[in-house]
Amino acid sequence: MSAYKSDFLNVLATRGFIHQISDAAGLDALAAKSEAVAYVGYDCTAASLHVGHLLSIMMLHWLQATGNKPIALMGGGTTRVGDPSGRDETRKLLTYEQIDANKASIRTTFDKFITFGAGKSDAVMIDNAEWLTKLNYIEMLREVGRHFSINRMLTMDSVKLRLEREQELSFIEFNYMILQSYDYVELARRFGCNLQMGGSDQWGNIVNGIDLGRRMGTHQLYALTCPLLTTASGAKMGKTAAGAVWLNADMLSPYDYWQFWRNTEDGDVARFLKLFTTLPLDEIEKLAALKGAEINEAKKVLANEATALMHGRAAADQAEGTARKTFEEGALADTLPTIDIPANALDQGYGVLTAAVTAGLVASTGEARRQIKSGGLRVNDAAVSDEKLALTRANLTPEGVIKISLGKKKHVLLKPV
RNA sequence: GGGGGAAUGUCCCGAGCGGCAAAGGGGGCGGACUGUAAAUCCGCUGGCUAUGCCUUCGUAGGUUCGAGUCCUACUUCCCCCA
């Protein structure tokens, strides 16, 4: 089983993180001496990272757990340019203000997975705006640009795909890989960084950085990519009905985060336990051996562990409790998402349609109407058949709330105040 | 610079003789079946103070009782020639 000498690569390999490595033996030797210094870059394109990013964050976690040094690179500079990899269309350029705000909102995520500090294997966070924004164009061309072959760049997947599909690729995007390559060299010089990790779509960019390093005289650099995650039925990981599965609690509640993992497809459970929890492998094997409906137990463990990593054990326990009451006991969990409504609204009669919209279950009263027609909207677990139904105090449960649900899984409590 | 095409429901792709809230997919949501799974089947998939009203087919004008559809200009993209 241990194909590698280093704990780091062994852990990654057995847990299914490895897609490609540029020079496995060389990297293995470094990691075996706890001398790997690895970075992953995160662009600041949204106010939160999502589960798609989690894979690389877990790699940083294991890197540190096995005695090596992680660097979380915030792409404050590169986000100003925009990565064309894997995209058909040019990204909208974000304003500097948006980028800074996003960066501030993203940074705290990393504290949950890696420990920052000044020690040898302590993690470092840095923003590439620090050097990229100070670059001088002419100097850049002379020192860095001359090492890039247009001929070769045109063969890179990120570029080639665009050209083949006859999609626009602007000069600014074309430069992204140059900047990312330069980041790698800069981090090598500043922190002795010798490994860049990322999703498999980043392979080209990373290898370019290795190349640039060689030409600019850094020590040997390495690349390690993880597979791009899809679910067993082929869907892209991390997208749900409501949109992306955000990591920030203010964008996706711990309860909803727990539910996301709880709803994992059967075929993904074992794989996800290895990738997204820190449970020992033998324990995961036991869970993976479960059959039929018992797999639900494994899903709960997955949800608990993943949520505990991200939002803390207390939040995970609470989410599990809420789910147990709601789904298994059919009881009313007062910890469900709750929306306040003015108490006097109930005196006058509060329309179900409006209530459903207020609760955020549907986007419009029109959608609420349609859901009622197909029997998808319920008040206190009773299907609503009349769209004109008005909620009053009579609808309050003994707990003093009204539970309004869409489908089997989405529940919100309305609480008069 | 010259010539020829294209832009459709703000999730995507895509049909659309001058009467169109606009075919068909994908995706999504809901229902049934289940195990809060997958697969399958069915329904829905502009907004509203709703037997009606309002807003949608790149942008701005025009012709017409009536324009996604015809005309003009503009914007963006693609192709051919230079």
Side-chain angles (χ1 to χ4, degrees), chain A residues 46 86-92 162-170 173 230-245 255-273 287-288 290-304 306-307 319-331 333 336-337 345 348-379 381-388 390 403-412:
Chain A
R87 307 199 133 239
D88 278 350
E89 286 167 25
T90 308
R91 280 176 197 270
K92 280 192 304 247
R162 285 280 191 92
L163 295 180
E164 276 172 3
R165 291 191 204 166
E166 298 181 346
Q167 305 273 9
E168 169 79 358
L169 177 70
S170 71
E173 295 174 277
T230 52
T231 66
S233 50
K236 228 182 229 164
M237 173 95 186
K239 297 282 178 189
T240 64
V245 179
Y255 171 73
D256 287 327
Y257 189 76
W258 192 94
Q259 281 294 323
F260 167 75
W261 293 108
R262 174 63 183 79
N263 285 304
T264 298
E265 293 178 29
D266 286 7
D268 289 326
V269 175
R271 194 160 53 108
F272 286 3
L273 279 167
L287 292 168
L290 296 174
K291 292 279 178 280
E294 290 183 339
I295 293 177
N296 284 329
E297 293 310 309
K299 292 185 188 182
K300 284 181 213 164
V301 174
L302 171 63
N304 283 340
T307 306
E320 185 188 17
T322 304
R324 185 176 355 95
K325 277 192 202 163
T326 305
F327 292 98
E328 294 178 22
E329 297 166 15
L336 280 170
Q348 298 150 10
Y350 193 52
V352 255
L353 299 177
T354 323
V357 174
T358 309
L361 292 173
V362 292
S364 66
T365 58
E367 192 188 340
R369 269 176 236 273
R370 277 180 242 123
Q371 293 294 4
I372 287 173
K373 218 170 281 172
S374 53
L377 193 71
R378 277 166 299 141
V379 170
D381 296 320
V384 176
S385 55
D386 176 14
E387 59 181 48
K388 293 210 177 71
K403 178 170 152 192
I404 174 162
S405 318
L406 178 70
K408 296 204 178 73
K409 297 184 189 174
K410 279 166 275 181
H411 309 279
V412 174

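Chain letters run A, B, ... following the sequence lines, proteins first and then strands; every chain starts at 1.
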- Message: Tell me whether A:Lys299 contacts the main-chain N or O of A:Val269 through its side chain, where contact means a donor paired with an acceptor under 3.5 Å.
- Response: no
- Message: Taking only the P atom of each, what is the distance from B:G43 to B:A50 in whole angstrom?
- Response: 29 Å
- Item | Span that lies between the P atom of B:C29 and that of B:C80, in whole angstrom | 42 Å
- Mind calculating the distance between CZ (A:Arg370) and C1' (B:G30) to the nearest angstrom? 11 Å
- Query: Counting just side-chain N and O atoms, does A:Arg369 come under 4.0 Å of either OP1 or OP2 of B:G43?
  - Reply: no
- Task: Assign A:Gln259 to base, sugar-phosphate, or nothing according to its heavy-atom contacts below 4.0 angstrom with the strands shown.
- Result: base
- Message: Between B:C12 and B:G62, how many Å separate the two C1' atoms, rounded to a whole number?
- Response: 34 Å
- Message: Taking only the C1' atom of each, what is the distance from B:A32 to B:C65 in whole angstrom?
- Response: 49 Å
- Query: Are A:Asn263 and A:Lys409 side-chain neighbours, meaning at least one heavy-atom pair lies under 4.5 Å?
  - Reply: yes
- Query: Rounded to whole angstroms, how far apart are CG on A:Asp268 and P on B:G35?
  - Reply: 20 Å
- Item | Interatomic distance at C1', B:U10 relative to B:G47, whole Å | 14 Å
- Query: Which one, B:U36, B:A38, B:G30, comes nearest to the side chain of A:Glu265?
  - Reply: B:A38
- Query: Roughly how far apart, to the nearest Å, are B:G58 and B:A39 at atom P?
  - Reply: 36 Å
- Within the structure shown, what part of the strands sits under 4.0 Å from A:Thr326 by heavy-atom distance: base, sugar-phosphate, or nothing? nothing
- Item | Rounded distance (Å) that lies between atom P of B:U36 and atom CD of A:Glu320 | 15 Å
- Let me know the distance between NZ of A:Lys408 and C1' of B:A37, rounded to the nearest Å. 13 Å
- Message: Nearest to the A:Glu367 side chain among B:G30, B:U36, B:C29, which nucleotide is it?
- Response: B:C29
- Query: With nearest nucleotides of RNA chain B determined for A:Thr365 and A:Gly292 from heavy-atom distances, which residue corresponds to the more 5′ nucleotide?
  - Reply: A:Gly292
- Query: Across all strands shown, which nucleotide pairs with B:C33 by Watson-Crick or G-U wobble geometry, both distances under 3.5 Å?
  - Reply: none
- Ignoring backbone atoms, test whether A:Lys410 places a side-chain nitrogen or oxygen under 4.0 Å from the OP1 or OP2 oxygen of B:G30. yes
- Sort out the partner of B:G58 for me: Watson-Crick or G-U wobble, both distances under 3.5 Å, none otherwise. B:C74
- Message: For B:C53, give the paired nucleotide (Watson-Crick: N1-N3 plus N6-O4 or O6-N4; G-U: N1-O2 and O6-N3; both under 3.5 Å), or none.
- Response: B:G47
- Answer whether the closest heavy-atom distance between the side chains of A:Tyr350 and A:Thr358 falls below 4.5 Å. yes
- If pairing requires Watson-Crick or G-U wobble contacts with both distances under 3.5 Å, which nucleotide is the partner of B:A39? none
- Item | Nearest non-hydrogen partners of A:Leu353 and A:Ile372, listed with the distance | CD2-CD1, 3.8 Å
- Item | Any strand: nucleotide that pairs with B:U10 via Watson-Crick or wobble, under 3.5 Å | none
- Message: Angle between ring planes, A:Trp261 versus A:Tyr257, binned at 30° and 60°: parallel, tilted or perpendicular?
- Response: perpendicular
- Task: For B:C20, measure the glycosidic angle (O4'-C1'-N9-C4 for a purine, O4'-C1'-N1-C2 for a pyrimidine) and name it syn if it falls within 90° of 0, otherwise anti.
- Result: syn
- Query: Who are the ring pair (Phe, Tyr, Trp, His ring centres under 6.0 Å) partners of A:Phe327, not counting sequence neighbours?
  - Reply: A:His411
- Task: Flag the pair A:Lys300 and A:Glu297 as a salt bridge only when some basic side-chain nitrogen lies within less than 4.0 angstrom of an acidic carboxylate oxygen.
- Result: yes
- Message: Measuring from the side chain of A:Ile295 (C-beta onward, heavy atoms only), which nucleotide among B:U36, B:G35, B:G47 has the closest atom?
- Response: B:G35
- Message: Please determine whether a side-chain nitrogen or oxygen atom of A:Lys373 lies at a distance below 4.0 Å from atom OP1 or OP2 of B:U45.
- Response: no
- Message: Assuming nearest nucleotide by heavy-atom distance, tell me which of A:Gly366 and A:Leu377 is located more 5' along RNA chain B.
- Response: A:Leu377
- Message: Less than 4.0 angstrom between a side-chain N/O of A:Ser364 and OP1 or OP2 of B:C48, yes or no?
- Response: yes
- Query: Using atom C1' of each nucleotide, how far apart are B:A82 and B:G3 to the nearest Å?
  - Reply: 11 Å
- Query: How far does the C1' atom of B:C20 sit from the matching atom of B:C33, given to the nearest Å?
  - Reply: 39 Å
